[in-house]
Enquirer: 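Pasting a structure here, questions to come.
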Amino acid sequence: MSEATTTDLYEVTMAMSYLREGMIGPATFSLFVRDLPPDRGFLVDAGLESALDYLSDFRVGPEDVEDFAAVLGRPVDELRPLLGLAFTGQVRAVPEGRVVLAGEPLLEVTAPMPEAQLVETYLLNRLNHQTAIASKAARCVLAAAGRPVVDFSLRRTHGPEAGYHAARLGAVVGFAGTSNVAAARAEGIPAVGTMAHSFVEAFDSEEAAFRAFARTHPGPMTLLVDTYDTESGVRTAARVLRDLDGGARVPGSAIRLDSGDLGFLARQARSILDAAGLEEVRIVVSGGLDEYAVEDLVRSAAPIDIYAVGTRVGVSADAPYLDSAYKLVAYDGRPVMKLSAAKVTAPGPKQIFRRAGQPDVIGLADEDPAPYGRPVLETVMHGGERTRERATLAESHQRFLADLAHLPYPARRIRAPAAQRPVFSERLAALAEEVHGRIDRELGAIARAESPEQAASGSHRTTIR
């Protein structure tokens, strides 16, 4: 079994029908987010690299055919037309780390129809999840206003792979580190961590626990001070830190607060540490934090040096999914569109054009960019093979910073952001009208003739999303 079977059943049944009918012409599908979740002024494109890995390796093998036949309850021979199917198409996509808005294609796939159809589910899964997580993490960076943010999410993400993604995407948007050892090692992200309350509880006293930890980790360390009484824990930590290496300072050491009124406790801890001559010891806070809590603490001027975010960010708790779609926009040279209520799509392969200080423009892929700005989608795969090296975290991070710098402040607000919406080029709007007219002629005017109200509503059906 390969990842080719990680798909919805209807992708398989449609692909079988396409092959039977000889429909193997080039199809273009556009993957986009219809509307942003509440309290999102922008999204951060993510998931492209793992999607390209999947497409590069995509091939329907003998075991996959057997599995398809088993779940369909059909003879294996009926599924053999799928055997050997591989992805041979082109992908144009927004590079990972760039800011995207509602309605903008994150990627467009052009491939023989059965290939383009079979990969739909996997591509949506990859980009939907990772874009949601990257966007949540980006808001934490904004809320921290220059203070380091680190990832503590692994233990509560929806599976180890999701935890890996959270660590990696945090680094894309500017997190300073992660507790996830696998991600830190594989991606070159600084590994960060402290101790658990169980470590303190295992010793006869809090001070014994701290001194034992210091003997094992004599370099910079972070001591968890709120297992019992936080004020007492800070004072104990101060004694232990002052005694390290004969009283010499250990740069980079910190204490961590994990519960309670973090603003009040941080002020209390700072006063205790400063009075002990430990002005350089930092204060780390954790415990159910997300961008809203971080913003409140920053605005209160709490003396916090590092924010460790976990559960709420690793699962994007307030917006755990995106209203994403993968829609056919052209088949065999013929532009197509969907006219379902509230889900009208735009026909034809597209491009996003971006210019600082101006709304994004969604146009057709072959339009001259000169009137609108620089194109955003790039060709990242041709003939089923990557056209460039995998993007590094540093490259993706620089893209994020560049786009963020030009994003209006209302879109970057943590609370009640004002999401920008792209506009459509004249050529794209004209094509939508043309295709809509063609569909009307093919279907006839029966539905619109049933009542004057329905006829009047026809002018709204070309609102494309």
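Just so you know, these numbers use all the heavy atoms, side chains as well, and skip hydrogens, waters and symmetry mates.
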Enquirer: Under the 3.5 angstrom rule, does the side chain of Arg312 hit a backbone N or O of Asp318 as a donor-acceptor pair?
Expert: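 Answer holds: no.
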Enquirer: Which heavy atom in Val149 sits nearest to a heavy atom in Ala144, and how many Å separate them?
Expert: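 So the two residues come closest at CG2-CB, 3.5 Å.
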Enquirer: Side-chain donor-acceptor pair under 3.5 Å between Asp151 and Ser153, yes or no?
Expert: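 A donor-acceptor contact under 3.5 Å links the two side chains.
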Enquirer: Between the side chain of Tyr331 and the main-chain N/O of Gly25, is any donor-acceptor distance below 3.5 Å?
Expert: yes
Enquirer: Please name the pair of heavy atoms, one in Leu83 and one in Gly61, separated by the smallest distance, quoted to 0.1 Å.
Expert: CD1-C, 3.5 Å
Enquirer: Does a sphere of radius 6.0 Å around CZ in Arg415 hold more than 12 heavy atoms from other residues, nucleotides or ligands, not counting ones at 6.0 Å or beyond?
Expert: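 Yes.
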Enquirer: Are Arg256 and Asp258 close enough for a salt bridge, meaning some N to O gap below 4.0 Å?
Expert: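 Looking at Arg256 and Asp258, the cut-off is met.
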Enquirer: Set out, in order, the CA-CA distance, both residues' side-chain angles and the distance that settles ring pair (Phe, Tyr, Trp, His ring centres under 6.0 Å) for Tyr372 and Phe353, then state yes or no.
Expert: CA-CA 6 Å; Tyr372 304 120; Phe353 301 103; 5.6 Å; yes
Enquirer: Working note: Thr110 + Thr28, criterion side chain to side chain donor-acceptor pair (under 3.5 Å); need CA distance, chi angles, decisive distance, verdict.
Expert: CA-CA 4 Å; Thr110 300; Thr28 298; 2.8 Å; yes
Enquirer: Side chains of Pro37 and Leu322: closer than 4.5 Å at any heavy-atom pair?
Expert: yes
Enquirer: Report yes or no: do Asp64 and Thr5 form a side-chain donor-acceptor pair below 3.5 Å?
Expert: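 Not at all, the side chains of Asp64 and Thr5 share no donor-acceptor pair under 3.5 Å.
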Enquirer: Would Glu104 and Arg354 pass as an ion pair if we require N to O under 4.0 Å?
Expert: yes
Enquirer: Side chain of Arg388, backbone of Thr379: donor and acceptor closer than 3.5 Å?
Expert: yes
Enquirer: Look only at the side chain of Asp226 and the backbone of Ser259, and say whether a donor-acceptor pair between them is shorter than 3.5 Å.
Expert: yes
Enquirer: So, does Arg412 use its side chain to make a donor-acceptor pair with the main chain of Leu407 at under 3.5 Å?
Expert: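 Yes, because the side chain of Arg412 sits within donor-acceptor range (under 3.5 Å) of the backbone of Leu407.
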Enquirer: With a 3.5 Å cut-off and no angle check, do the side chains of Glu385 and Ser56 form a donor-acceptor pair?
Expert: no
Enquirer: Are any of the side-chain nitrogens in Arg399 or Asp403 under 4.0 Å away from the carboxylate oxygens of its partner?
Expert: no
Enquirer: Does a side-chain N-to-carboxylate-O contact under 4.0 Å join Glu378 and Arg98?
Expert: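 No, no charged N to carboxylate O under 4.0 Å.
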Enquirer: Taking all non-hydrogen atoms of both residues into account, name the closest pair between Ala134 and Val44 and its distance.
Expert: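 Closest pair (atom of Ala134, atom of Val44, distance): CB-O, 3.9 Å.
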Enquirer: Any salt bridge between Arg139 and Asp290, counting N to O under 4.0 Å?
Expert: no
Enquirer: With no hydrogens and no angle check, do the side chains of Tyr164 and Glu187 hold a donor and an acceptor under 3.5 Å apart?
Expert: yes
Enquirer: Salt-bridge test for Lys136 and Asp39: reply yes if a basic N is under 4.0 Å from a carboxylate O, no otherwise.
Expert: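 Not counted as a salt bridge, because no side-chain N and carboxylate O are separated by less than 4.0 Å.
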Enquirer: Are there more than 12 heavy atoms of other residues, nucleotides or ligands under 6.0 Å from atom CD1 of Ile24?
Expert: no
Enquirer: How are the rings of His165 and His129 set to each other: parallel, tilted or perpendicular (split at 30° and 60°)?
Expert: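 Ring orientation, 0 to 90° scale: tilted.
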Enquirer: For the pair Glu295 and Arg299, find out whether any cationic side-chain nitrogen is under 4.0 Å from an anionic carboxylate oxygen.
Expert: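 Salt bridge: yes.
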Enquirer: If only atom types and distance count, is the side chain of Lys350 paired as donor or acceptor with the main-chain N or O of Gly348 below 3.5 Å?
Expert: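 It does hold such a pair.
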Enquirer: Looking just at side-chain N and O atoms, do Arg126 and Tyr122 make a donor-acceptor pair shorter than 3.5 Å?
Expert: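 Result is yes, a qualifying pair exists.
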Enquirer: Any idea which heavy atoms bring Thr157 and Leu154 closest together, and the distance?
Expert: OG1-O, 3.1 Å
Enquirer: Any Lys/Arg nitrogen of Arg386 or Glu49 sitting under 4.0 Å from an Asp/Glu carboxylate oxygen of the other?
Expert: yes
Enquirer: Identify the two heavy atoms, one from Arg34 and one from Ser324, that lie closest to each other, and give their separation to 0.1 Å.
Expert: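 Closest approach of Arg34 to Ser324, heavy atoms only: NH1-O, 4.3 Å.
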Enquirer: State whether the side chain of Thr131 and the backbone N or O of Ala46 hold a donor-acceptor pair below 3.5 Å, judged by distance alone.
Expert: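 Such a contact is found between Thr131 side chain and Ala46 backbone.
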Enquirer: Is a side-chain donor or acceptor of Arg355 paired with a backbone partner of Gln358 at a separation under 3.5 angstrom?
Expert: no
Enquirer: Mark yes or no for whether Gln90, through its side chain, and Ala111, through its backbone, hold a donor-acceptor pair below 3.5 Å.
Expert: no
Enquirer: Counting distance only, does the side-chain N/O of Glu291 pair as donor-acceptor with the main-chain N or O of Leu142 below 3.5 Å?
Expert: no
Enquirer: Will you find, in the side chains of Glu3 and Tyr54, an N or O donor that is under 3.5 Å from an N or O acceptor?
Expert: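 No, no side-chain donor-acceptor contact under 3.5 Å.
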Enquirer: Just wondering, are more than 12 heavy atoms of other shown residues or ligands nearer than 6.0 Å to CZ in Arg390?
Expert: yes
Enquirer: Counting only heavy atoms not in Arg267, do more than 12 sit closer than 6.0 Å to its CZ atom?
Expert: yes
